[in-house]
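Here is the structure we will look at, set down as structure tokens.
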Amino acid sequence: MGFETPLGLLALGLLAPLAWLYLRVREQPPAAVSSLRLWESIAEPPEPRRRPKLPLRFFLQAALVAALALALAQPWIAGSPADQTATAAPERIIVLDNSASMHARNGDGTRFEQARAAAVDRLAELAAAGPGRFTVLVAGGREETLIAAASATDARAAIEGARAGATAGKPGAAVEAAAARLGSDGSIDLFTDTKAAALVVSREALARTRIHLTGQSGSNLSIADLGTTLGRLGGGEARALVTVRNHDDVPRRVRVVLQRWEEPDATRPGETGPTTGTPAGGTAVAAGNAAPVTELDVPARASARAVLGPVGWRGPFVVRLEATGQGPALDDFSLDDVAFGVFAEPRSFHLRLVTQDVALGAQARALAAAHGGITVEISREPDAPATTPADVTIFDRGVPRIPPPGSVAYLAPATGNADVRLAGRIAGARISASEPHPVLASTTRPEILLDVADDPAVVEIVPDPRLARVLTARAAGREIALLQAGEIDGRRVALSALRLPGRTLASADGVPALVFLVDLLHWLAPGATNAPLTATAGAAVVAKFPDGAPIDRLEGPTGPLSPDAEGRLHPDEIGAWHAMGRERAGLLLVSFRDPAESEIDGTADAHGNGAGQAPAAADPDLPAGGTTASLAPGATRVPLTTAPLALAAALLAAEWLLVALDARRSQGDEGL
Amino acid sequence: MAALNRGTTPGATSLLDRVFEPGVLSSLDRMRLRISRASGDRPGHTRVRGRTDPSGSELDRWVPYVHGEDLRRVDWHVYARLGELLVRRFVAEREVPVWILIDSSGSMGPAGAGSKLDTAAAVAGLLGAICLAGGERVYLGGIPHGARDFSHCGPLRSRTALGTLHAFLGSLTPAAGEGDLVAAVEAALRLTSRGLVVLVSDFLIDPGLVARAADVIVRRGCEGRLVTVLSREDLDPAWLRGCDRIVDRESGRVRRIAPSVDTWQRYRDALDHQLAQVREAATSRGMATAFALSGSGIETLLRDELPKLGLALVR
């Protein structure tokens with residue numbers, strides 16, 4: 001038996017003052033009398049023999065002090081060989097960096113393949129050195145323990161089964177987690193492409209870590225951004241805007257190819273068709289005759305943008321970077337050479353316009369004809385039944401007694417109902433404030449709407465707390481709401497105090513009002529519920545379709561994925577994932593986009609840093625294999641700290657109990 | 001007398017201050033302290049029995065004319081009737097020096113309203129005010145540790161000296177050590193003879209010392225009065241229940257006791273014996289004694305105890 005910190009036994013010295021506190025003579029101060037003259041005639045009683053009398057509480061407190069001193073000294077006993085293998089074998093932790101940059105090609109294989117092979121070799125080396133418990137961690141977007149405190153054989157299987165992901169890596173966090181798990185013995189081996197100087201890790205953890213670097217250079221071009229341009233309301237021609245980043249020190253020329261993405265059957269995952277070079281299931285087909293290919297010159301360490309299109313179709317597509325000519329491969333990192341996008345389908349909906357303004361009806365029909373996919377029904381009576389259930393209803397002055405289903409807009413309402421309440425009419429209104437809102441997305445000067453309305457007095461609508469106040473005017477010394485928009489019971493509702501006269505819309509002066517009408521329709525139009533979803537690998541995706549229907553699971557390149565406790569999905573592989581819900585199924589296209597991971601030439605300096613932390617400095621004095629002192633065979637110590645601590649806690653509880661009993665007894669005496 | 005009927009409230013106005021309230025002082029004007037044989041050398045208002053003067057207001061006796069006497073003193077009416085030359089002698093009227101010695105030793109403490117020292121000072125104040133009203137010459141003294149520490153005040157004459165009397169009594173505080181009664185009496189009577197000496201103390205000392213002090217008073221031809229002041233704690237030691245040690249306020253000596261009913265009873269017996277010895281030492285030398293309990297009211301003192309010293313109402 002021995003002590004890890006024998007100085008802790010000095011705490012036993014506290015026993016001396018404790019004993020003094022109990023043994024010191026505590027006498028009641030004598031009472032003062034006028035004179036001892038009379039008392040001298042009375043015999044003085046004999047001096048009582050004072051025997052040290054120590055209460056039970058003293059012995060409890062002394063035992064408490066002794067137990068705490070023992071715990072401070074951290075006693076241990078020599079363990080048997082059986083104990084060594086069972087509990088005291090040092091833990092060997094292997095951390096594999098499986099971030100996206102480990103996909104980079106390095107010689108014959110990828111960095112991750114080489115790291116995995118090196119880890120297997122290191123595992124064999126450690127297993128040969130002595131008994132140990134092996135733990136394997138991967139340091140992707142979230143550190144994950146593949147296997148814990150297992151045998152070398154199981155650890156090897158875990159390493160060989162690991163794969164690189166498509167997310168940013170946090171090797172520093174994984175090393176910290178490993179160091180926290182590690183006891184006083186053991187070691188950490190990190191296999192990564194990040195230099196020690198770039199790791200965000202404490203000095204203590206770094207001192208116990210042996211870093212195995214695999215590949216730190218390479219050539220790369222990446223798709224830094226992908227956007228689309230569509231016509232108003234989704235109609236017209238579509239184009240893809242591709243931003244390409246050159247991570248090399250020399251200018252590069254690259255071919256950018258846009259291909260339409262088709263799913264054989266989105267509702268039947270696992271039955272995807274043959275691929276044509278795309279990273280995941282699905283089929284990339286030629287994009288038609290709209291010149292979807294272009295070549296782009298990208299300066300060194302800079303970006304350039306390519307515009308692909310126009311195309312006349314709608315739907316998902318994939319953009320790929322390819323080498324020009326028949327030369328070698330484009331670069332060493334292919335993950336960021338592919339990106340998914342969607343040309344959204346034009347929105348089709350049924351519009352019911354209730355107005356007595358013939359010109360306004362004509363304008364609405366013309367607008368629908370120009371857009372396509374919109375059917376228009378003109379009605380004169382607000383309470384007349386609709387021939388077809390309308391997705392969007394616009395009431396020009398007339399107001400129905402019962403609000404219709406679907407999205408609705410009231411223009412200068414003459415009466416009120418459950419959606420709108422009127423306070424009267426007011427003249428001399430002037431715009432005083434406007435808030436950003438999609439219905440004013442293209443309206444830069446809202447005052448023009450007031451002029452277009454050409455009405456000396458506007459309707460004063462009572463502000464509805466359920467709606468956002470978009471336009472506010474000042475009249476008669478008070479604020480009035482000119483335009484309100486928001487959702488009531490799942491319906492989009494817009495209340496406008498302004499009219500949109502049809503004859504004005506037909507003139508050149510009415511263009512702002514026409515733009516406003518288009519924005520209003522755009523906002524009121526129902527969402528395209530079956531449009532594919534897009535996401536970035538590693539980012540959290542809310543497990544809902546655009547219309548709010550829940551997504552129960554994802555099925556894709558790495559198998560099924562379920563939402564986490566917060567209702568979020570974390571697809572970590574690029575490609576097409578199938579979102580499966582109770583009500584419907586859809587497509588989730590996951591692209592890779594991470595400038596830090598794409599910087600594979602300087603990976604060691606670029607990633608692994610957490611926000612707000614400075615990289616830990618590498619200690620040049622560290623030994624090559626960073627592990628701390630290991631135990632000689634047979635010298636295992638079995639710590640005994642828990643027992644004295646438990647004893648101290650029990651003694652403390654006993655003392656409290658004793659004090660409580662004394663207090664109760666004292667109260668009883670006072671009561672008597 | 002309404003002012004006299006108020007009781008003493010501990011912690012409130014001290015008994016001494018109440019003595020010097022105008023209502024109390026006016027009551028004292030009608031009181032006199034009877035003095036039997038003490039007298040001074042200066043003419044005064046106190047008639048001294050057994051001592052005659054050629055002039056005065058109260059005729060004492062006739063004596064035969066002696067050659068050399070003033071012929072104007074001859075009572076010619078007696079000579080006409082009897083044919084003898086007789087001279088009238090009147091009762092001597094003198095100013096009596098009154099010494100009031102107050103024990104301010106530690107045993108009279110602790111200081112404060114209602115304490116033994118406050119009661120002793122009040123007794124001294126009452127007697128002093130009465131004597132000043134009677135035209136006597138009043139001296140005050142604190143019983144010191146020894147003759148060298150003897151502090152005194154006087155002579156005080158007439159009511160104009162009431163302020164000085166009050167101030168001196170109010171300045172008395174319990175001393176740290178034991179008082180020396182004999183030394184105080186000797187120091188006082190070194191200056192005076194044939195006066196009145198009033199000792200105010202708890203007399204919780206050796207009765208032999210009280211007897212020695214009384215002997216000094218007698219030897220100097222003075223009258224003596226003793227006022228014993230005790231506290232309720234002195235009378236009944238039951239308040240010491242639970243205490244096994246006591247300390248002497250004067251000497252600081254500590255003594256162990258057995259806190260029991262038997263002990264209290266034995267103490268009371270010892271106290272009765274002590275008081276009896278003090279009384280014996282006084283009465284055997286012709287001295288009157290009185291007893292004052294600390295915290296008693298002024299009315300109680302004037303009505304019950306101080307008359308034992310010769311206090312009486314006039315008119």
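Keep in mind the model is a prediction, meaning the values are calculated, not measured. Naming convention: chains lettered A, B, ... in sequence-line order (proteins, then strands); numbering from 1 in each chain.
Within 6.0 Å of CH2 on A:Trp656 lie no more than 12 heavy atoms contributed by other residues, nucleotides or ligands. Surrounding CZ of B:Arg212 are at most 12 heavy atoms belonging to other residues, nucleotides or ligands under 6.0 Å away.
To the nearest 0.5 Å, atoms CD1 (B:Ile257) and CD1 (A:Ile42) are separated by 8.0 Å. Here CD of B:Gln274 is found 8.0 Å from OG of A:Ser35. Values are rounded to the nearest 0.5 Å. A distance of 11.0 Å separates CG in B:Asp269 from CG in A:Leu38, rounded to the nearest 0.5 Å.
Looking at B:Arg245, its side chain never comes within 3.5 Å of a backbone N or O of A:Ala31 through a donor-acceptor pair.
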- request: Decide yes or no on salt bridge (Lys or Arg N to Asp or Glu O under 4.0 Å) for A:Arg37 and B:Glu250, but give the supporting numbers first.
  value: CA-CA 11 Å; A:Arg37 161 77 190 161; B:Glu250 283 186 358; over 6 Å; no
From CA spacing to verdict: side-chain contact (heavy atoms from CB on, under 4.5 Å), A:Trp39, B:Thr263
CA-CA 9 Å; A:Trp39 295 98; B:Thr263 302; 3.7 Å; yes
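Pairing each heavy atom of A:Ser34 with each of B:Ser107, the nearest pair is O-CB, 3.1 Å.
Looking at B:Val247, B:Leu204, B:Asp248 one by one, the single match for side-chain contact (heavy atoms from CB on, under 4.5 Å) with A:Leu36 turns out to be B:Asp248.
Of the two parts of B:Ile205, only the backbone, made up of N, CA, C and O, holds a non-hydrogen atom closer than 4.5 Å to a non-hydrogen atom of chain A. Using a 4.5 Å cut-off between heavy atoms, B:Pro237 contacts chain A through its side chain alone, with no backbone atom that close.
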